[in-house]
Number of protein chains: 2
Amino acid sequence: MTGKAFSSVWLREPRKATSPGRSREEIVRAALELLNEEGLDGLSMRKLGARLQSGATSLYWYVANKDELLELAYDEVWSDMVVPDPGRVSWRHSASALAHSMRQAILRRPWAGNLIGRMPALGPNALRVADQMRRMFKVAGFAGLEIDYAGSTLTAYVFGMTIPEVAWNAATADHSYDADEMRASVAKAAAQFPDMLERIDMTSYDDPQAMREMAFDFGLASVLDGLERRLVT
Amino acid sequence: MTGKAFSSVWLREPRKATSPGRSREEIVRAALELLNEEGLDGLSMRKLGARLQSGATSLYWYVANKDELLELAYDEVWSDMVVPDPGRVSWRHSASALAHSMRQAILRRPWAGNLIGRMPALGPNALRVADQMRRMFKVAGFAGLEIDYAGSTLTAYVFGMTIPEVAWNAATADHSYDADEMRASVAKAAAQFPDMLERIDMTSYDDPQAMREMAFDFGLASVLDGLERRLVT
DNA sequence: ACCTGAACACCGTTCAAGT
DNA sequence: ACCTGAACACCGTTCAAGT
């Protein structure tokens, strides 16, 4: 019972473009526009069809279903992640730059927050990043499976830190943000936890942006220190 | 313009239960059943209404909308995360046990993978865990904002590692899993990346479960080492 | 106070029919 | 080979009307 294995759009050939305004590429471009303008909920096959001056169902000639379309669009997120050459700079510098560029890539495309880690990342951009990261950790001194473990650790940290950040931005984007009100709300919820209340009095809510950057750098330094330690022993 | 701030179900009083089979509690219980049986997509207001022998729209008396219902159900995930008392065991042991229980809590409820980090976690269970974790990092020796940074780092790592794990399980659950086929698929996608191909030849695909546990422990040790290092300097 | 059903404004996807 | 529209089987939510 071999059953058909795990499938991904990237494993199949696209239908070739013939008419000018109608191709997989064209569709993905329009989907990205919609995603960037209106977010994940703003993308529907019907709206996408309208934008391309076609029936919604015409798209199914080029793309098997909406999930595949998302998988195609998703690869774009990886396009501006960078891994500075670990031959020229220290691997720590390279890893740190990668982590920051990953975070920014997601913050710039909030819709990606709901896809990341949930969707296979087998597009060309994702593979490039994975390949460069592997090489980086090899230069650093990791070997065998530990090359992959180190990669997983770094990306898990960055994604785990950034996904909530995106969600938070989305949740507070509508209402004009009021630090005092926020403080009061959370204080109410955390009323029976004296330890939590203590935290609420801190500056945390006044400049959430700066706070998050500090938290990110603190955690990143920890992760990199931890990885470094794995190398020396 | 203060605008209404960030809102969460947990900040409002529930409507009190009157009839026996109809209350916010009852509804959340039924929603959890549906989630555990059919996953996130299996939960619709209509199906939930049917299960409770009521019109779908009757639920709106007890719950403002589906998102709030999810927020309510979501707190359940935190219920079996444990933080061993850091007064009796080392903080490292405590943190490690917490991390493992977090991972298991999510693996046991795959639907949570799509909610985690995306939804405010202000329910009683989530607050208990947050409070205990805070105390743990305080006992460890962190102070001020670093208590929170340490907490964010640990949970970001665990969530970032576990969310893809859940997604992977879901993607491979349908098809009977075939290691060779999988290897071939990924090899095809990664064809131009010699470094990636090297990885594919490893044992990675034969026992993914064991592999993931090793990866998790490797990363966890790194994160804890990194946090420890923050304490001594 | 609580519950109902009809209705609104959407979805993704299939498929026979057209050119 | 490509595109269309109608149709199917769903959604979440509102709201006037019932008891």
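Note that the structure is a prediction, hence the values are computed from the model and not measured. Labels below follow one simple rule: chain letters A, B, ... track the order of the sequence lines, proteins then strands, and each chain is numbered from 1.
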Rounded distance in Å - CG (B:Leu34) to C1' (D:dG12): 15 Å
Sugar-phosphate, base or nothing in reach of A:Ser44, heavy atoms under 4.0 Å: sugar-phosphate
Pairwise C1' distance for C:dC10 and D:dC8, with rounding to whole Å: 15 Å
For atom CD of A:Gln53 and atom C1' of D:dT4, their distance in whole Å: 15 Å
Residue closer to the 5' end of DNA chain C, A:Ala64 versus A:Asp41 (nearest nucleotide): A:Asp41
Nucleotide D:dC10, atom P - distance to NZ of B:Lys47 in whole Å: 8 Å
5′-ward residue of the pair A:Ser58/A:Arg46 relative to DNA chain D: A:Ser58
N or O in side chain of A:Tyr62 less than 4.0 angstrom from D:dC2 OP1/OP2: no
Sugar-phosphate only, base, or nothing, as touched by A:Leu59 at under 4.0 Å among non-hydrogen atoms: nothing
A:Asp131 and its salt bridge (Lys or Arg N to Asp or Glu O under 4.0 Å) partner, picked from A:Arg135, A:Arg134, A:Arg128: A:Arg135
Selected nucleotide, minimal atom distance to B:Thr57 side chain, candidates C:dT13, D:dT14, C:dC3: D:dT14
Counterpart base for D:dA9, defined by Watson-Crick or G-U wobble contacts under 3.5 Å: none
Nucleotide forming a Watson-Crick or wobble pair with C:dG18, both distances under 3.5 Å: D:dC2
Aromatic ring pairing A:Trp78/A:Phe159, orientation class (parallel under 30°, perpendicular over 60°, tilted between): perpendicular
Value in whole Å for how far the P atom of D:dG12 lies from CD of B:Glu68: 15 Å
Nearest-angstrom distance from the residue atom CE of A:Met45 to P of C:dC10: 18 Å
Working for salt bridge (Lys or Arg N to Asp or Glu O under 4.0 Å), residues B:Arg51 and B:Glu26: CA-CA 11 Å; B:Arg51 178 170 292 235; B:Glu26 198 68 20; over 6 Å; no
Non-hydrogen side-chain atoms of B:Met133 and B:Asp148 separated by less than 4.5 Å: no
A:Lys66 NZ - D:dC11 P separation (whole Å): 16 Å
Nearest-angstrom distance, P atom, C:dA9 to D:dA9: 23 Å
Sugar-phosphate only, base, or nothing, as touched by A:Leu43 at under 4.0 Å among non-hydrogen atoms: sugar-phosphate
Nearest-neighbour nucleotide for the B:Trp61 side chain, D:dT13, C:dT13, C:dC2 considered: C:dC2
Test item: B:Val158 and B:Phe216 side chains (from C-beta on) under 4.5 Å apart, heavy atoms: yes
Nearest-nucleotide pick for B:Tyr60, side chain only, options being D:dT4, D:dG12, C:dG12: D:dG12
